[in-house]
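The shown structure was predicted, so the numbers you read here are calculated from the model rather than taken from an experiment. Atoms within a ligand are numbered from 1 in the order they appear, just like the ligands themselves. FYI, side chains are in, hydrogens and waters are out, and symmetry mates aren't considered; it's all heavy atoms of this structure.
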Amino acid sequence: MIVTRFAPSPTGELHLGHAFSALTAFAAAQAAAGRFLLRIEDIDQGRCRPAFTPSILTDLAWLGLVWEQPVRRQSEHFDEYRSALDRLAAEGLLYPCFCSRKDIAAAGQAPHGPDGPLYPGTCRTLSESERTERRQSGQPFALRLDCAAAIRRVGPLLWHDQDAGAVVARPDLFGDVVLARKECPTSYHLAVTLDDARQGVTLVTRGVDLFEATHIHRLLQALFDLPVPDYRHHPLLTGPDGRRLAKRDRAQTLRSLREQGCSAAEVRALVGL
Ligand code: GLU
């Protein structure tokens, strides 16, 4: 049974790009007489606004999407992400990193990975006593995955993309990725991987901008012994200027289109679904 999902972050109103993504996932479930789920990815409480969640639900229902209940809200599951982090820590695969962005920039010209500059590893080798001392002094820290150790533990990995075929996982491209921060006690990578497994998602459909993120998700699946879904990374819609649609393009929000008298069928036609 195919299980797909749409997983928006409530950081703004949905736009045509989201409509395309949500309809793509919904159509894949419908075509296979499968199930369609919705998840609200609201872990980043600095950027997410609770008020956007009801408008997201309104927009999706207006588009004609039907999803199963309950809707999973990530902010209600911080304890699950915490215990997953504890598991990695117990295996010695996680370490506290006290570096600020400035410290990382000052460490020299680090090569860039999909999430930004690769972490030079400064805090990986701190002694236990230094870690304790810094924690006790109240210094803020992030939790980073020791990527090389994690790769050694699970060995080579593959994942399958419906367009790209078999893909060799390259989590090393990310280096020691951040899995939690003081102000955000889990990361997108950790929460999305655990939730797709917990919700029984068998086909992850999302934009091609997240294609590379799948490398790190595949590593996390192996570390937590989770089932591996199939993937489809769809192209991103672009505006008339050729730029990818983003939340800043306010005229393109589904709400504004609806208020201008556009019908759901017209929006579906606009995105070609
Ligand atoms: N929450 C992410 C976003 O709004 C999507 C995550 C995913 O589909 O894996 O960009």
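Residue contacts with ligand 1 for Arg5 involve side-chain atoms from C-beta outward but no N, CA, C or O (heavy atoms, distance under 4.0 Å). When heavy-atom distances to ligand 1 are checked against a 4.0 Å cut-off, Tyr188 comes that close only through its side chain, counted from C-beta outward.
Aromatic pair Phe174/His217: centroids not less than 6.0 angstrom apart.
Shown in contact with Glu41 at under 4.0 Å from a heavy atom are these atoms of ligand 1, numbered in order with element: 1 (N), 2 (C), 5 (C), 6 (C). The atoms of ligand 1 that sit less than 4.0 Å from any heavy atom of Val192 are 9 (O).
Within the 4.5 Å cutoff, the side chain of Pro171 has no heavy atoms near those of the Arg218 side chain.
Checking side-chain atoms of Asp59 against main-chain N and O of Ile56 turns up no donor-acceptor pair under 3.5 Å.
Side-chain contact of His77 with Asp195: a donor-acceptor pair under 3.5 Å is absent, judged by distance alone.
Considering only non-hydrogen atoms, atom 4 (O) of ligand 1 lies nearest to Ser9 out of Ser21, Gly12, Ser9, Gly207.
Salt bridge absent: Arg73 and Asp42 never bring a charged side-chain N and a carboxylate O closer than 4.0 Å.
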